[in-house]
*Asks:* 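One structure, as structure tokens, below. Some questions next.
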Amino acid sequence: MEKSVPAPPVGDTDEADLVRLAQEDPSTFAALYQLYLSRVYNYVRARLASEEEAADLTQQIFLQALNALPAYQARGTPFAAWLFQIARNAVIDHYRRRKRFVSWDALPGMFHAPPGQEEIDALLIHRERLARLKTLVARLAPFERELLALRFAAGLSSPEIAQVVGKSPAAVKKQLTRLLHALKEQYSEQ
């Protein structure tokens, strides 16, 4: 009978320690998995058409990360940026194989659920606003949609996104600011 080693509690250990422990003993990778699962899934879900595909790809991403973990070296790159680079590449590879488009309707319900009001008028207004936003987002370049997914679905900061996409933090922050400002302006004009 194999004895399982419990993962260290995430709140009691910092990320660098969790990475080091997982590199020494892969059975402790569970703590990193727990720490990043929802963020990676949300990012992947925002990019793929179905929950099932997103769940499958998320698992593949964590398997790739576990297999590559022995070679990981911080070198100024946070673990989150390294992990999301793996996630980004996995999504890109997925689309190279599939060549599909993700529709707005495929995004998780949290992105387009009504704001707690069940009245039909509020629901109609909410859907109209989402339709306007959907149109604006569909007009964006793929890289711009990628930035929005990394920022809002994955919850990454500008420096973390910069590590993932290979740009400077200042450039990413500037692009996101301009992108959000342009979306807000276009949304207001409609």
Side-chain angles (χ1 to χ4, degrees), residues 10-11 13-20 22-23 29 31-48 54 57-58 60-62 64-66 68-69 71-96 101-102 104 106-113 115 129-130 132-189:
V10 174
T13 311
D14 73 356
E15 180 182 274
D17 289 338
L18 291 174
V19 170
R20 185 183 44 72
Q23 285 176 317
F29 184 75
L32 288 168
Y33 176 81
Q34 291 285 334
L35 186 61
Y36 286 103
L37 177 61
S38 64
R39 290 173 63 191
V40 170
Y41 174 80
N42 287 340
Y43 165 72
V44 173
R45 182 65 184 102
R47 305 290 318 279
L48 298 184
L57 190 57
T58 299
Q60 291 173 23
I61 289 164
F62 279 102
Q64 288 176 358
L66 178 60
L69 191 60
Y72 170 76
Q73 295 178 6
R75 294 186 187 162
T77 303
F79 178 78
W82 179 81
L83 180 61
F84 278 95
Q85 184 64 52
I86 293 172
R88 181 176 188 241
N89 290 337
V91 169
I92 290 168
D93 289 345
H94 175 82
Y95 277 108
R96 282 186 185 138
F101 176 76
V102 177
W104 173 262
L107 290 175
M110 67 181 179
F111 289 118
H112 47 83
R129 289 177 180 162
L130 285 175
R132 287 183 7 217
L133 184 58
K134 175 184 174 181
T135 301
L136 293 174
V137 170
R139 292 181 192 160
L140 296 175
F143 182 73
E144 293 172 325
R145 288 192 301 267
E146 174 81 12
L147 289 177
L148 291 176
L150 287 167
R151 177 66 187 103
F152 296 106
L156 296 180
S157 67
S158 293
E160 290 171 326
I161 295 169
Q163 292 285 333
V164 172
V165 299
K167 294 193 176 265
S168 73
V172 168
K173 186 173 183 176
K174 191 174 192 177
Q175 272 187 298
L176 278 170
T177 300
R178 285 182 178 173
L179 180 57
L180 292 173
H181 179 72
L183 281 172
K184 182 178 177 183
E185 193 173 288
Q186 291 170 7
Y187 184 85
S188 297
E189 289 174 1

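For the numbers below, each heavy atom of this structure counts, side chains included, while hydrogens, waters and symmetry mates do not.
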*Asks:* Does Thr177 reach the side chain of Lys174, with side-chain heavy atoms less than 4.5 Å apart?
*Replies:* no

*Asks:* Taking atom types as modelled and ignoring hydrogens, do the side chains of Tyr43 and Arg47 form a donor-acceptor contact shorter than 3.5 angstrom?
*Replies:*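 Result is yes, a qualifying pair exists.
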
*Asks:* Measuring from atom CD of Gln64 to atom CG of Leu83, what distance do you get when rounded to the nearest 0.5 angstrom?
*Replies:* 10.0 Å

*Asks:* What distance do Arg45 atom CZ and Ser38 atom OG have between them, rounded to the nearest 0.5 Å?
*Replies:* 15.0 Å

*Asks:* Taking atom CZ of Arg132 and atom CG of Leu130, what is their separation to the nearest 0.5 Å?
*Replies:* 10.0 Å

*Asks:* Apply the test side chain to side chain contact (heavy atoms under 4.5 Å, CB included) to residues Leu176 and Ile161: give CA-CA distance (whole Å), side-chain angles for both, the deciding distance (0.1 Å), then the verdict.
*Replies:* CA-CA 10 Å; Leu176 278 170; Ile161 295 169; 4.0 Å; yes

*Asks:* What is the distance from atom CG of Leu32 to atom CG of Leu37, rounded to the nearest 0.5 Å?
*Replies:* 12.0 Å

*Asks:* Donor-acceptor pair, Arg151 side chain versus Leu156 backbone, under 3.5 Å?
*Replies:* yes

*Asks:* Test side chain to side chain contact (heavy atoms under 4.5 Å, CB included) on Val40 and Ile86 and set out the steps.
*Replies:* CA-CA 10 Å; Val40 170; Ile86 293 172; over 6 Å; no

*Asks:* For Ala22 and Leu69, work out which heavy atoms get closest and say how close.
*Replies:* CB-CD2, 3.3 Å

*Asks:* What are the two closest non-hydrogen atoms of Phe29 and Ala65, and how far apart are they?
*Replies:* CZ-CB, 4.1 Å

*Asks:* A side-chain contact here means heavy atoms from C-beta on lying under 4.5 Å apart; do Phe152 and Leu180 qualify?
*Replies:* yes

*Asks:* Identify the two heavy atoms, one from Val137 and one from Arg145, that lie closest to each other, and give their separation to 0.1 Å.
*Replies:* O-CD, 3.5 Å

*Asks:* Using 30° and 60° as the class limits, which term best fits the ring planes of Trp82 and Tyr72: parallel, tilted or perpendicular?
*Replies:* tilted

*Asks:* Flag the pair Arg39 / Phe84 as yes when at least one side-chain heavy-atom distance between them is below 4.5 Å, and no otherwise.
*Replies:* yes

*Asks:* Mind running side chain to side chain contact (heavy atoms under 4.5 Å, CB included) on Gln23 and Val19 for me, showing each step along the way?
*Replies:* CA-CA 6 Å; Gln23 285 176 317; Val19 170; 4.0 Å; yes

*Asks:* In sequence, state the C-alpha distance, the side-chain angles, and the governing distance for Tyr41 and Ile61, and then conclude on side chain to side chain contact (heavy atoms under 4.5 Å, CB included).
*Replies:* CA-CA 10 Å; Tyr41 174 80; Ile61 289 164; over 6 Å; no

*Asks:* So how far is it from His94 NE2 to Leu48 CG, rounded to the nearest 0.5 Å?
*Replies:* 4.5 Å

*Asks:* Of all the heavy-atom pairs spanning Glu160 and Ala81, show the shortest one and how long it is.
*Replies:*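 Closest pair (atom of Glu160, atom of Ala81, distance): O-CB, 3.8 Å.
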
*Asks:* Could you tell me which non-hydrogen atom of Pro169 sits nearest to which non-hydrogen atom of Pro159, and how far apart they are?
*Replies:*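 Nearest pair, atom of Pro169 first, then Pro159: CB-CA, 4.0 Å.
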
*Asks:* Rounded to the nearest 0.5 Å, how far apart are NZ of Lys167 and OG of Ser158?
*Replies:*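 OG of Ser158 is found 13.0 Å from NZ of Lys167.
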
*Asks:* Is any side-chain heavy atom of Leu183 closer than 4.5 Å to one of Leu148?
*Replies:*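 Yes; the side chains approach each other to less than 4.5 Å.
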
*Asks:* Using every non-hydrogen atom in the two residues, find where Gln85 and Val165 come nearest and quote the distance to one decimal.
*Replies:* OE1-N, 4.1 Å

